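In what follows, a single structure is set out as structure tokens and then discussed.
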Amino acid sequence: MASPSLLSLFFIFSFLLGMAHAHYLSPNFYARSCPRALPTIRTAVNKAVAKEKRMGASLLRLHFHDCFVLGCDASILLDDTATFTGEKTAGPNNNSVRGYEVIDTIKSQVESLCPGVVSCADIVAVAARDSVVALGGPTWTVRLGRRDSTTASFSAAGTDLPGPNLNLSQLISAFSKKGLTTKEMVVLSGTHTIGKARCTSFRNHIYNDTDIDPAFAASKQKICPRSGGDDNLSPLDGTTTVFDNVYFRGLKEKKGLLHSDQELYNGGSTDSIVETYSINTATFFTDVANAMVRMGNISPLTGTNGQIRTNCRKVN
């Protein structure tokens, strides 16, 4: 078994290798090869979010769940086959991750414009940014040029995605393994300002934890019974269709929906970060935009690695 020091070196090497590949990404990657790609993605995202506000959060989460498993390579989009098990049915994704059909629609539109040019991985990254903007959040410059993986990892999806029951040290560790700082972990958790969570993700917190406002817990227990109702949904904060800093204000009031949410403000090292974001929306917006760029740079496939899938659900 590898020693802790060797494992640390491995994580550092993997992160540096991924960041090296990130240098090949460019905001202008499609400026000549497919100049209408970004406007096409934005229009499709705006249409999808206008139809269902929750879809904005779903597309953002899709990007997160893609990047944390093998890097930002669209591996999460691959369907299972008779000889291949992808990431869609892994515990953190199964009956939870959404938005695949929106990506399919965008890919079809972009393929009609520029066949074989724009990767599914880049579409996911741009759609996440456009979703945040559509719900009133900040924008950022998405670096482009990612290529699509030809494989996926069911097992890594089960181990690398931070779960809703992690404590603070486990959250810090999970993000650190991806080259992200504690501050970036907190600010990226703040994207829970949009979207909803399933009862199965917050049941333990509302029934068994003590770091929760009693009235808040009681209100959520009406939605989420002790048994059954696993797929019942609750908003992650008080303004679930608006990208704002209300999530952080809720943590200060002990109204974090997930155990992992409230861990960010529970007498630990991240309390001061939460306090800053709870009173300064501009700082939150600046920091979350920068953190999204950093997350989007996790181990991309570039150059001749991977491929440009014609159909995001299967390899060419």
Side-chain angles (χ1 to χ4, degrees), residues 14-42 44-45 59-78 86-88 93 97 99-100 102-111 113-132 139-153 156-157 160-161 178-180 184 188 289-316:
S14 299
F15 165 64
L16 290 176
L17 184 63
M19 289 299 105
H21 282 299
H23 289 306
Y24 291 104
L25 302 180
S26 165
N28 303 313
F29 192 84
Y30 299 115
R32 293 185 178 181
S33 60
C34 196
R36 291 172 60 193
L38 297 189
T40 299
I41 297 171
R42 182 172 61 250
V45 168
L59 291 171
L60 175 59
R61 186 164 180 254
L62 183 64
H63 182 40
F64 175 81
H65 278 231
D66 180 35
C67 290
F68 261 61
V69 182
L70 304 181
C72 307
D73 60 1
S75 59
I76 194 172
L77 303 180
L78 291 173
E87 298 165 15
K88 289 183 176 180
N93 297 332
V97 172
Y100 300 118
V102 175
I103 299 300
D104 290 339
T105 298
I106 296 172
K107 178 62 172 175
S108 177
Q109 293 174 354
V110 173
E111 280 294 303
L113 293 172
C114 319
V117 174
V118 182
S119 69
C120 301
D122 276 344
I123 290 173
V124 170
V126 174
R129 187 269 313 274
D130 292 346
S131 292
V132 170
T139 189
W140 58 89
T141 300
V142 180
R143 297 168 67 181
L144 303 165
R146 300 168 189 80
R147 289 168 65 83
D148 300 324
S149 69
T150 56
T151 187
S153 178
D160 288 12
L161 289 165
K178 303 302 176 182
L180 298 169
E184 287 169 331
L188 288 171
N290 291 333
M292 287 299 301
V293 172
R294 290 252 299 144
M295 188 187 77
N297 290 344
I298 296 175
S299 304
L301 297 172
T302 58
T304 58
N305 294 315
Q307 61 180 212
I308 305 297
R309 289 185 215 140
T310 301
N311 179 338
C312 292
R313 292 175 178 266
K314 61 183 182 180
V315 298
N316 294 342

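As the structure is a computational prediction, the values presented were derived from the model and not from experiment.
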Approximate separation, where rounding is to 0.5 Å, of Q109 CD and C114 SG: 12.0 Å

Full working for side-chain contact (heavy atoms from CB on, under 4.5 Å) between Y30 and S119: CA-CA 10 Å; Y30 299 115; S119 69; 3.8 Å; yes

Closest heavy-atom pair and its distance - L77, R309: CB-NH1, 4.0 Å

Pair R146 + D122: basic N to acidic O under 4.0 Å: yes

I103 CD1 to L59 CG distance, which is reported to the nearest 0.5 Å: 5.5 Å

Over all atoms of both residues, closest heavy-atom pair of T139 and R129: OG1-CD, 3.4 Å

By side chain to side chain contact (heavy atoms under 4.5 Å, CB included) - contacts of S108 (at least two apart): none

Side-chain donor or acceptor of R143 paired with backbone N/O of S26 under 3.5 Å: no

Rounded distance (nearest 0.5 Å) linking atom CG of L188 with atom CE of M292: 6.5 Å

Heavy-atom side-chain proximity of V142 to L25 below 4.5 angstrom: no

Pairwise side-chain contact, I106 with T40, heavy-atom cut-off 4.5 Å (strictly under): no

Gap between atom NZ of K107 and atom OG1 of T310 - 0.5 Å precision: 6.5 Å

pair D73-D148: side-chain heavy atoms closer than 4.5 Å: no

R313 and D104 ion-paired at < 4.0 Å: yes

Heavy-atom check, side chain of E184 versus side chain of M295, under 4.5 Å: no

Euclidean distance, C312 SG relative to I123 CD1, rounded to 0.5 Å: 5.0 Å

Pair S149-L301, side-chain contact (heavy atoms from CB on, under 4.5 Å): steps then yes or no: CA-CA 7 Å; S149 69; L301 297 172; 3.9 Å; yes

Closest contact, heavy atoms only, A74 versus C120: CB-CB, 3.8 Å

Heavy-atom pair with the smallest gap, counting every atom of V117 and C34: CG1-CB, 4.1 Å

Worked verdict on L62 versus I76 for side-chain contact (heavy atoms from CB on, under 4.5 Å): CA-CA 8 Å; L62 183 64; I76 194 172; 3.9 Å; yes

Any L144 side-chain heavy atom under 4.5 Å of V126 side chain: yes

Any side-chain heavy-atom pair of I308 and R147 under 4.5 Å: yes

Minimum heavy-atom distance V293-T141, with the two atoms named: CG2-O, 3.8 Å

Exam field: side chain K178 to backbone F68, donor-acceptor pair closer than 3.5 Å: yes

Donor-acceptor contact below 3.5 Å, side chain N93 vs main chain E87: yes

Check against side-chain contact (heavy atoms from CB on, under 4.5 Å), D66 and S75: CA-CA 6 Å; D66 180 35; S75 59; 3.7 Å; yes

Considering all heavy atoms, the nearest N316-Q307 contact: N-OE1, 2.8 Å

